[in-house]
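The figures here come from the full heavy-atom set of this structure, side chains too, leaving out hydrogens, waters and symmetry mates. No experiment lies behind these values; they were computed from the predicted model shown.
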Amino acid sequence: MKLLAIETATDACSVALSLDGEIHEDFRHAPRMHTQLLLPIAEGLLGQFGLRPTDLDGLAFGRGPGAFTGVRIATAVIQGLAYALELPVAPVSTLAALAQGLYRERGWQQVACAMDARMDEVYWGAYRLNEDGLMTLVGEECVCPAAATPMLEGVGWHGGGSGWAVYTEALAARHPSVGQSQGETWPHARDVASLAIAALQRGEGVSVSEALPVYLRDQVVHKPAG
């Protein structure tokens, strides 16, 4: 399978290309540069391996939650490619990709992800490693104050995401079972790709009309009239 994955829900912009399970990534920390960088990075990565978009078998993107503009950029690019190429799409939670990356980098098998959502809130999701080496959601993702995040069951948890740097005291008080935390970490397209490949192999790919963003804080996007 040849799959192209993108992740732009945070200040990081990354594109990954999976070629029969071997993943290659171009990752850049580039706030407010996603629009200018994304397509040139994707074109360069494909060209590096002598591929064209028509050679792809599937697409994937970080569907949020995260920065509204960043999530919309990834969604729009993937929708455009999926429509033009008639390819299946795997939308992947940005929080899940963050957890997968911390397992890949640090070997953490239980990760409580908290990304700064501004407005004194965090995007929250707890993930646990399954037998296939993939991080799976425990409970539900949500957006809420750090002091009101869902309680974690059991021990052996680690914290990941910018929320742990911004709301350190509130999260530590709420979750005393969490050991080490890593606040300066970003979701990667290579981890979006890993989760997407498994989803596509399970037959969970969606059409372009179903490749939609997940903001969690929808009321900010859809302001009431008047």
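Side-chain contact check for I23 versus S18: some heavy-atom pair is nearer than 4.5 Å. For the pair W186/M115, no side-chain contact is recorded, criterion being any heavy-atom separation below 4.5 Å from C-beta on. The side-chain heavy atoms of L129 and T136, taken from C-beta on, include no pair separated by under 4.5 Å. With contacts defined as side-chain heavy-atom distances shorter than 4.5 Å, the pair L51/K2 qualifies.
Taking OG1 of T69 as the start and NE2 of H34 as the end, the distance is 9.5 Å to the nearest 0.5 Å. In this structure, OH in Y103 is found 11.0 Å from OG in S194, a value given to the nearest 0.5 Å. The line from OH of Y123 to CZ of R217 is 4.5 Å long, rounded to the nearest 0.5 Å. Note that CG of L37 is 5.5 Å distant from SG of C13, once rounded to the nearest 0.5 Å. Within the model, atoms CG of L152 and OG of S177 stand 5.0 Å from one another, a figure rounded to the nearest 0.5 Å. Atom CD of residue Q79 and atom CG of residue L212 lie 6.5 Å apart, to the nearest 0.5 angstrom.
Taking the side-chain contact (heavy atoms from CB on, under 4.5 Å) definition, one finds that T54 meets it with R52, L85, sequence neighbours left out. For H188, the side-chain hydrogen bond (donor to acceptor under 3.5 Å, both in side chains) partners at least two apart in sequence or on another chain are E25. For R104, the salt bridge (charged side-chain N to carboxylate O under 4.0 Å, His left out) partners two or more places apart in sequence, or in a different chain, are D191. Applying the ring-ring contact (aromatic ring centres under 6.0 Å, His included) test to Y83 and every residue at least two apart in sequence or in another chain returns nothing. Every residue two or more places apart in sequence or in another chain was checked for a side-chain hydrogen bond (donor to acceptor under 3.5 Å, both in side chains) with Q180, and none qualifies. Applying the side-chain hydrogen bond (donor to acceptor under 3.5 Å, both in side chains) test to H175 and every residue at least two apart in sequence or in another chain returns T149. Listed by chain and number, the residues in a salt bridge (charged side-chain N to carboxylate O under 4.0 Å, His left out) with R28 are D26 (sequence neighbours excluded). In this view, Q48 and L45 satisfy the side-chain contact (heavy atoms from CB on, under 4.5 Å) rule, not counting sequence neighbours.
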Donor-acceptor pairs are to be reported for all side-chain atoms of residues 4-11 against protein atoms at under 3.5 Å, with residues two or more places apart or in another chain.
| unit_1 | atom_1 | unit_2 | atom_2 | d |
| --- | --- | --- | --- | --- |
| E7 | OE1 | T94 | OG1 | 3.2 |
| E7 | OE2 | A9 | N | 2.7 |
| T8 | OG1 | G70 | O | 2.6 |
| T10 | OG1 | A12 | N | 3.2 |

When the side chains of residues 86-93 are checked against the rest of the protein, which donor-acceptor pairs come out under 3.5 Å, sequence neighbours left out?
| unit_1 | atom_1 | unit_2 | atom_2 | d |
| --- | --- | --- | --- | --- |
| S93 | OG | L95 | N | 3.1 |
| S93 | OG | A96 | N | 3.2 |
| S93 | OG | Y127 | OH | 3.3 |
| S93 | OG | E141 | OE2 | 2.5 |

When the side chains of residues 159-166 are checked against the rest of the protein, which donor-acceptor pairs come out under 3.5 Å, sequence neighbours left out?
| unit_1 | atom_1 | unit_2 | atom_2 | d |
| --- | --- | --- | --- | --- |
| S162 | OG | D116 | N | 2.9 |
| W164 | NE1 | A112 | O | 2.9 |

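Heavy atoms from other residues, nucleotides or ligands lying under 6.0 Å from CD of E153 number 12 at most.
Hydrophobic clustering, with ILVMFWY side chains joined whenever heavy atoms are under 4.5 angstrom apart, groups L59 together with F49. Hydrophobic clustering places Y167 together with W157 (ILVMFWY residues linked when any side-chain heavy atoms are closer than 4.5 Å, directly or through intermediates).
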Decide side chain to side chain donor-acceptor pair (under 3.5 Å) for R106 and Q182; before the verdict, give the C-alpha distance in whole Å, the side-chain angles of both, and the deciding distance to 0.1 Å. CA-CA 10 Å; R106 293 176 170 264; Q182 177 62 46; 2.7 Å; yes
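Residues T75 and V71 come closest through the heavy atom pair OG1-O, 2.8 Å. Taking each heavy atom of P65 and L216 in turn, the nearest pair found is CG-CD1, 3.6 Å.
Applying the side-chain contact (heavy atoms from CB on, under 4.5 Å) test between L46 and each of I41, L17, V15 identifies L17 as the sole match.
Other residues sharing a hydrophobic cluster with M1 under the 4.5 Å side-chain heavy-atom criterion for ILVMFWY residues are L3, I197, L200.
Between the side chain of N130 and the main chain of D132, a donor-acceptor pair closer than 3.5 Å is present.
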